[in-house]
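Fair warning: this is a prediction, and the values are worked out from it, not measured in the lab.
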Amino acid sequence: IGPEKDVPAPDVNTNEQVMAWMMDTYSMHMRQTVTAVVTGKPINIGGSRGRREATGRGIMIMCDEAVKKLGLARESSRVIVQGFGNVGSNAARLMADAGYQVIGIIEVEGGLYNAHGIDVDALWEYRQRNRSITGFKDAEAVDPAELMVTDCEILIPAATENQITSRNADRIKCRILAEGANGPTTAAADEILAEKKVFVIPDILCNAGGVTTSYFEWVQDRQGYFWKESVVIEQ
């Protein structure tokens, strides 16, 4: 669970349902409904529209800015995403819809690669049915460690910390490293990436979309007035 303005929000191993249980338990002790005690809740009990996709959307926005800075284009930017949970899957889906080429997905159980681009929506549906990305027929099964160091323009570590270390940083081939997870790069790896002139978007900025939208949810709960998704995105 990650604290936003000292208000808990979902993180690894938690989701909207867990936030709902927390809010319900706190409300029972307070003898009244207190929607603002946690964020990342289901919409029907005070959650914000756009919160589920917010971290992934923030990653895409940061990648858009990085691509512009380096003189690249969405359509020619190949993307590899490590992690296909809430953050990674939404980043991959939004970026694919925006024109990026998502060529690789890495999960604990294995990696998938398609040089022509993975159908991320189809993979998401496959994952929902099978609870795994293994066996997805429209991409080649690849060793996750090798996929992390495969040639691409954008690498998005969106799983857990310490994934890019002194052991693999020298083999990283991306132009842009967008830190979707918290602390995915070690201090030693940071120095190696700087020498390689990899453009790093640090986690405190890259994954801030979720924190920002959790704040928006808290504000809406406090006001008792809820915004359209388009307003949340515009903010």
Side-chain angles (χ1 to χ4, degrees), residues 1-62 81-95 97 107-108 121 124-125 127-132 156-163 178-185 201-235:
I1 296 171
E4 274 73 54
K5 297 288 288 185
D6 297 322
V7 179
D11 207 318
V12 178
N13 295 323
T14 53
N15 55 23
E16 292 180 358
Q17 179 62 74
V18 174
M19 294 300 106
W21 289 333
M22 291 177 68
M23 189 205 88
D24 184 56
T25 302
Y26 183 85
S27 295
M28 285 192 294
H29 283 284
M30 295 300 292
R31 299 179 182 271
Q32 62 178 319
T33 301
V34 186
T35 57
V37 69
V38 296
T39 61
K41 303 180 298 296
I43 288 175
N44 61 358
I45 59 167
S48 174
R49 287 173 172 79
R51 174 61 182 85
R52 188 179 302 167
E53 305 83 8
T55 308
R57 189 180 303 280
I59 291 171
M60 183 187 73
I61 291 169
M62 290 298 98
V81 181
Q82 183 202 31
F84 205 61
N86 175 266
V87 176
S89 66
N90 279 304
R93 292 168 76 184
L94 290 166
M95 290 179 77
D97 289 345
E107 265 287 76
V108 174
D121 287 330
W124 171 253
E125 292 173 5
R127 167 74 177 275
Q128 292 297 98
R129 291 194 305 271
N130 299 281
R131 293 189 170 279
S132 172
I156 304 174
T160 55
E161 68 221 10
N162 299 335
Q163 298 302 299
E179 296 187 338
N182 290 324
T185 311
I201 309 173
D203 54 3
I204 195 171
L205 173 64
C206 193
N207 67 24
V211 176
T212 303
T213 309
S214 275
Y215 170 69
F216 292 161
E217 180 176 332
W218 178 78
V219 169
Q220 291 169 80
D221 286 334
R222 298 280 290 173
Q223 290 178 336
Y225 176 76
F226 294 88
W227 311 338
K228 295 180 180 178
E229 186 172 354
S230 59
V231 174
V232 174
I233 294 170
E234 282 174 15
Q235 299 293 326

Contact check, side chains of [X] and [Y], non-hydrogen atoms, under 4.5 Å:
{"X": "V211", "Y": "Y215", "result": "no"}
{"X": "M22", "Y": "T14", "result": "no"}
{"X": "P184", "Y": "D203", "result": "yes"}
{"X": "N15", "Y": "P10", "result": "no"}
{"X": "T33", "Y": "M23", "result": "yes"}
{"X": "N182", "Y": "D11", "result": "yes"}
{"X": "F216", "Y": "V219", "result": "no"}
{"X": "M30", "Y": "V37", "result": "no"}

If every non-hydrogen atom of [X] is compared with every non-hydrogen atom of [Y], which pair is closest and at what distance?
{"X": "A20", "Y": "I45", "answer": "CB-CD1, 3.5 Å"}
{"X": "A178", "Y": "P157", "answer": "O-CD, 3.1 Å"}
{"X": "A92", "Y": "V81", "answer": "CB-CG2, 4.2 Å"}

Could you tell me whether the side chain of [X] and the main chain of [Y] form a donor-acceptor pair under 3.5 Å?
{"X": "D121", "Y": "W124", "result": "no"}
{"X": "Q220", "Y": "W227", "result": "yes"}
{"X": "N130", "Y": "S132", "result": "no"}
{"X": "R127", "Y": "F84", "result": "yes"}

When rounded to the nearest 0.5 angstrom, what distance separates CZ in R31 from NE2 in H29? 10.0 Å
Once you round to the nearest 0.5 Å, how far does CD of E179 lie from CD1 of I156? 11.5 Å
For L205, does the CG atom have more than 12 heavy-atom neighbours from other residues, nucleotides or ligands under 6.0 Å away? yes
Any chance CZ of R222 has more than 12 other-residue heavy atoms, nucleotides or ligands included, within less than 6.0 Å? no
Does the pair D221 and K41 meet the rule for a side chain to side chain contact (heavy atoms under 4.5 Å, CB included), with working shown? CA-CA 11 Å; D221 286 334; K41 303 180 298 296; 2.7 Å; yes
For N207 and V87, run side chain to side chain contact (heavy atoms under 4.5 Å, CB included): C-alpha distance rounded to whole Å, both residues' side-chain angles, the deciding distance at 0.1 Å, then the answer. CA-CA 9 Å; N207 67 24; V87 176; 5.7 Å; no
Determine, step by step, whether M19 and T39 satisfy the side chain to side chain contact (heavy atoms under 4.5 Å, CB included) criterion, reporting the C-alpha distance in whole Å, the side-chain angles of both residues, the deciding distance to 0.1 Å, and the verdict. CA-CA 7 Å; M19 294 300 106; T39 61; over 6 Å; no
Among N90, T213, I233, which residue satisfies the side chain to side chain contact (heavy atoms under 4.5 Å, CB included) criterion with E53? N90
E229, E16, E217 screened by salt bridge (charged side-chain N to carboxylate O under 4.0 Å, His left out) with R52, the one that passes: E16
